[in-house]
Amino acid sequence: MNRSTRARMLTGAALALTTSMALTACGGSDDVSSDAEPKQTKSSEATAVKNPLVASYDGGLYVLDGETLKLAKTVELPGFNRVNPAGDEDHVMISTDSGFRVFDAARQSFTNAEFKGAKPGHVVRHGGKTVLFSDGTGKVNVFDPADLADGKQPKDRNYTSAEPHHGVAIELANGELVSTLGTEEKRTGALVLNKNNKEIARAENCPGVHGEAAAKGEVVGLGCEDGVLLYKEGKFTKVDAPDDYARIGNQAGSDVSPILLGDYKTDPEAELERPTRISLIDTRTAKMKLVDLGTSYSFRSLARGPHGEALVLGTNGVLHVIDPETGKVDRKIEAVGDWTEPLDWQQPRPTLFVRDHTAYVSEPDKRQLHAFDLDSGKKLKTVKLPKSTNELSGTVDGH
């Protein structure tokens, strides 16, 4: 997902779909999605898809087999739709204008479960729990994704922020809930609630707070416009960036690495900054290292590998496999052709999704989706789809 005193990307005035309403973007902009009921293409009785992938396109969703990349089902769903893992082997979360809807990707159909709320934003998976943040209400929903198995509404923990804002939250193993602070105009930091929703910690030194990631040892990092805010062992610590303005709005963490991967933008006036540097934040020392890749990337370019590798898909078409300890690029995988990040963040661009040892990379210009083995760098499969895809996600077991 998605997302400061300045929006990371402009919401396109285009995509003004006649039946659409505003959702929240990961950059302070609005997503757009239709309130129309999804239609599924005619087919025989749906057979469960193995390790399903879900890719959005302008008008619906593609469900693919994660091993063969065979297109299993097309689901019509007008508008701009956001897709995130729900935290188990079968489901993904689809953001719509009414809230978060649960889609059974394995069986290619929506369930009866839904978390209603204006402007559904970030979806966070950690420690066997999935946490949703609805920007239009400031409401946080926490649930066990195992409870999605019967297709019914899961029991959930609720918390509502003091004011609605483009926020994010994460629950730790001890029941502590880290959630952002802010208003629609200004975001300032984060607070921590115990398992009874009583505030136990607060920090308001993270301007433009956006995005989160968890590192080894359950250290939580929240992006700021001047560094990163860490929550570790019950206390907040600020990691200052070397530049006065340094927006780290997108991060990727790994349970096996103490180092967080982040983007790094330094121009507060840019309509769309195309950075070439990434940030590596060591949660042990609260120090930041910058690495210049020599190529730009987008907010859909960051991920982590099974061994904690930092992964960045560049606009030169290369998937960079980076040692987070040294910042050295250990391997370059020629993934797609050269591409340019569009000004409108809702427009398609190559997107990276990683599951286990496989990296999936979309190539919208060619209507293709590729699978690569991260250990060998070899391409495993390529499929061509009827239409260009936008978001790319899939099922990921969070337990």
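Model, not experiment: these values are computed from the prediction. Heavy atoms only: backbone and side chains are in, while hydrogens, waters and symmetry mates are out.
- Checked for salt-bridge contact, E273 and K265 miss the test: no charged N lies under 4.0 Å from a carboxylate O.
- Looking at heavy atoms from C-beta onward, K216 lies out of side-chain contact with S257 at the 4.5 angstrom threshold.
- Contacts classified as ring pair (Phe, Tyr, Trp, His ring centres under 6.0 Å) and involving residues 175-206 (residues at least two apart or in different chains) are not found.
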The test is side-chain hydrogen bond (donor to acceptor under 3.5 Å, both in side chains); show your working for T395 and R355 and say whether it passes. CA-CA 8 Å; T395 57; R355 183 169 56 197; 3.3 Å; yes

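- Salt-bridge formation is not detected for the pair E334/K332: no Lys NZ or Arg NE/NH1/NH2 atom is positioned less than 4.0 Å from an Asp or Glu carboxylate oxygen.
- Side-chain atoms of E218 never come within 3.5 Å of backbone atoms of A215 as a donor-acceptor pair (strictly under, hydrogens ignored).
- Proximity of R349 to P342: side-chain heavy atoms (C-beta onward) are separated by under 4.5 Å at one or more points.
- Under the 4.5 Å side-chain heavy-atom criterion for Ile, Leu, Val, Met, Phe, Trp and Tyr, V178 and V219 are members of distinct hydrophobic clusters.
- Heavy atoms from other residues, nucleotides or ligands lying under 6.0 Å from CG of D330 number more than 12.
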Worked check of ring pair (Phe, Tyr, Trp, His ring centres under 6.0 Å) between H165 and F133: CA-CA 9 Å; H165 64 281; F133 197 104; 5.2 Å; yes

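- Looking at T315 and S296, their side chains do bring a donor and an acceptor atom within 3.5 Å of each other.
- A salt bridge links D226 and K238; the closest N-O separation between the charged side-chain nitrogens and carboxylate oxygens is under 4.0 Å.
- A distance-only check finds no donor-acceptor pair linking the side chain of N51 to the backbone of E67 [under 3.5 Å].
- Side chains of L272 and W345 form no contact here, defined as non-hydrogen atoms less than 4.5 Å apart.
- When atom types are taken as modelled, the side chain of N390 and the backbone of Q346 share a donor-acceptor pair closer than 3.5 angstrom.
- Remark: of the listed residues V131, N197, V140, N197 is the sole one forming a side chain to side chain contact (heavy atoms under 4.5 Å, CB included) with R157.
- In summary, of the residues considered (N112, T111, V92, I94), a side chain to side chain contact (heavy atoms under 4.5 Å, CB included) with V102 occurs for T111 alone.
- The shortest side-chain heavy-atom distance between E176 and Y231 falls under the 4.5 Å cut-off.
- Within 6.0 Å of NZ on K70 lie no more than 12 heavy atoms contributed by other residues, nucleotides or ligands.
- Annotation: side-chain hydrogen bond (donor to acceptor under 3.5 Å, both in side chains) contacts of D243 (sequence neighbours excluded): Y264.
- Ion pair D144/K129 not flagged as a salt bridge, since none of the NZ, NE, NH1 or NH2 atoms sits closer than 4.0 Å to an Asp/Glu carboxylate oxygen.
- E309 and R331 are not joined by a salt bridge, as no carboxylate oxygen comes within less than 4.0 angstrom of a charged side-chain nitrogen.
- From L261, atom CG reaches atom CG of D263 across 8.5 Å, with rounding to the nearest 0.5 Å.
- Note on K116 versus E114: salt bridge recorded, some NZ/NE/NH1/NH2 to OD/OE distance being below 4.0 Å.
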Go through Y297 and W339 one step at a time and tell me if the ring pair (Phe, Tyr, Trp, His ring centres under 6.0 Å) criterion holds. CA-CA 9 Å; Y297 54 90; W339 54 283; 9.3 Å; no

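- In this structure a side-chain-to-backbone donor-acceptor pair under 3.5 Å is present from Q251 to E212.
- With ring centers used as reference points, F372 lies 6.0 Å or more from H357.
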Determine, stepwise, if the pair K139 / E163 fulfils salt bridge (charged side-chain N to carboxylate O under 4.0 Å, His left out). CA-CA 9 Å; K139 187 174 182 179; E163 293 193 51; over 6 Å; no

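- T358 is linked by a side-chain hydrogen bond (donor to acceptor under 3.5 Å, both in side chains) to nothing, counting only residues two or more places apart in sequence or in another chain.
- The closest side-chain donor-acceptor pair between H126 and E171, if any, does not fall under 3.5 angstrom.
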D90 vs R107, salt bridge (charged side-chain N to carboxylate O under 4.0 Å, His left out): CA-CA, chis, key distance, verdict: CA-CA 8 Å; D90 296 330; R107 294 159 189 82; 3.6 Å; yes

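- With respect to F103, the side chain to side chain contact (heavy atoms under 4.5 Å, CB included) criterion is satisfied by exactly one of L77, N81, V75: V75.
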